[in-house]
Amino acid sequence: MSSINYSEKIPNNVNLSEDRTLQRALEQWQPNYLQWWDDMGPDGSQNFDVYLRTAVSVDPQGWAQFGHVKMPDYRWGIFLNPAEKDRKIHFGDHLGEAAWQDVPGEHRANLRRIIVTQGDTEPASVEQQRHLGLTCPSQYDLRNLFQVNVEEGRHLWAMVYLLHKYFGRDGREEGEALLERRSGNQDNPRILQAFNEQTPDWLSFFMFTYFTDRDGKFQLCALAESSFDPLARTTKFMLTEEAHHMFVGESGVSRVIQRTCQVMNELKTDDPGKLRAAGVIDLPTIQRYLNFHFSVTIDLFGADQSSNAAIFYSTGLKGRFEEGKRSDDHVLKGQHYKVLEVQGGQLVEKDVPMLNALNEVLRDDYIKDSIGGVERWNKVIEKAGIPFRLKVPHKAFHRNIGTLSGVKVSPDGRVVHDHEWNQNVEQWLPTDEDRAFVASLMGRVVDPGKFAHWIAPPMMGINRQPVDFEYVRFN
Ligand SMILES: [Fe+2]
Ligand SMILES: [Fe+2]
């Protein structure tokens, strides 16, 4: 069950060949997917041989095989974690009943919406990142970008498999629509706003993979609890791939910081102007990028109070992060949770029914998790003997969804008037000038073992290869 059949047109561990109708439907979708990859995948990369990992089994040990492949020949396929025998629903109104192997009619519309929304983010991020290969800081980084991209493509496959197998004609139509929407397109945008933003430079890319791929982790963890067993098994395997994306982000930002600190110490200055003239990204600019990506990403969890969130939980479609490790009743009726609102010009906490606040619960779990990496970034700064510290902004800062939407709050959590906001916003969020400066550093470095001036090399290469390994052959 755990090994993957690579002899078929679509690699899979779901016995695809036994379901001819499904196999045919997916084989019809496959060329459309490849056409999408050709149109919207990494710019100008079709002929490159890239040192990629490919899943060969879903076993926790050694599921990956590494080797040079042309990205359009990457074996995208359908990989589910093995079924857990007699798995039971472990939260919501159906607690204790057998997990569903098929979609119950009454939950069909909601499940489809959940799967489509998750699926839409996967190709969206590939589209957002498609030009970055042209300005890569090294071969090592280029390879990591492409690894992330092919795996986001596979995550789209994971969701399209569920749509095709369990949602009939509607599912097939959704599968096509996932290839038709475009990140940032006016007429047919991606579903969620953070996936319509641009990822114009590599600092944005690293922030995105640290913060926004981590949103992916939390959404997938919540879906991995689902009563709909195929969704749970699919998302569990996706999570194993997601870990590398967040590593790319965390280590990427860390290397930018390391390089900046090195130059700060060489020049004995913290003056952003001098540091920019020396070709590195000053720490206040990194803080502004962090503020932007953090705030845009926490919006992805949705409104702080949501009747949909309550329905998704009570009906067993979507659990909480680490639902199985929690010791409450897993039904949550009559329980409360604190959300923020503005009263008399101040942020105050208010108790609301927990079921309606489950988006906020997941957002708070996400925030706890994302702070960890920021602390590790601070260790790099501390080690360099520099007094500056990075900080995630208050969760009410720069929000566009829910009660806090449009309320002007400073990064330290004070409600401010328009005047104060306007006076300080250039200290709080990246300015056009910041973005233009960062863009000006982006040149293409592709000689093996060479790195752009603004970023430190990594500690180690990929899969124990040396840092100066030929990760990409350009042909
Ligand atoms: Fe993904
Ligand atoms: Fe990802």
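The basis for the numbers below is simple: all heavy atoms, side chains too, and nothing from hydrogens, waters or symmetry mates. Note that ligands are numbered from 1 as they come in the structure, with each ligand's atoms numbered from 1 the same way.
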- Item | Pairing of Glu375 and Lys379 as salt bridge, 4.0 angstrom limit |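 Answer for the salt bridge query: no.
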- Message: Check whether His90 reaches the backbone of Ser226 with its side chain - one donor and one acceptor, N or O, closer than 3.5 Å.
- Response: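 It does not hold such a pair.
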- Message: Check whether Thr209 reaches the backbone of Phe206 with its side chain - one donor and one acceptor, N or O, closer than 3.5 Å.
- Response: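 Yes, the answer is positive, given that a donor and an acceptor are paired below the 3.5 Å cut-off.
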- Out of the N/O/S atoms in His155, what is the name of the one closest to the Fe ion (ligand 1)?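 For His155, the N/O/S atom sitting closest to the Fe ion (ligand 1) is ND1.
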- Query: What N/O/S atom of Glu122 is the closest to the Fe ion (ligand 1)?
  - Reply: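 The closest N, O or S atom of Glu122 to the Fe ion (ligand 1) is OE1.
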- Query: In terms of the angle between their ring planes, are Tyr471 and Phe469 parallel, tilted or perpendicular, with boundaries placed at 30° and 60°?
  - Reply: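 Judged by the thresholds at 30° and 60°, the geometry between Tyr471 and Phe469 is perpendicular.
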Among the N, O or S atoms of [X], the one nearest the Fe ion (ligand 2):
X: Asp213; value: OD2
X: Glu152; value: OE2
X: Glu242; value: OE2

- With a distance cut-off below 6.0 Å to the six-membered ring centre and an angular limit of 45° from the axis, does Arg214 pair with Tyr210 as a cation-pi contact?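 Relative to the ring axis of Tyr210, which defines the angle, Arg214 lies inside both limits.
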- Message: Check this for me: Gln198, atom CD, are more than 12 non-hydrogen atoms of other residues, nucleotides or ligands nearer than 6.0 Å?
- Response: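 No, CD of Gln198 has 12 or fewer neighbouring heavy atoms, counting only those of other groups under 6.0 Å.
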- Below 2.8 Å, any N, O or S contact between His245 and the Fe ion (ligand 2)?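 Looking at His245, which is the residue asked about, there is an N, O or S atom under 2.8 Å from the Fe ion (ligand 2).
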- Look at the N, O or S atoms of Glu151, main chain and side chain alike, and state whether any lies under 2.8 Å from the Fe ion (ligand 1).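 No.
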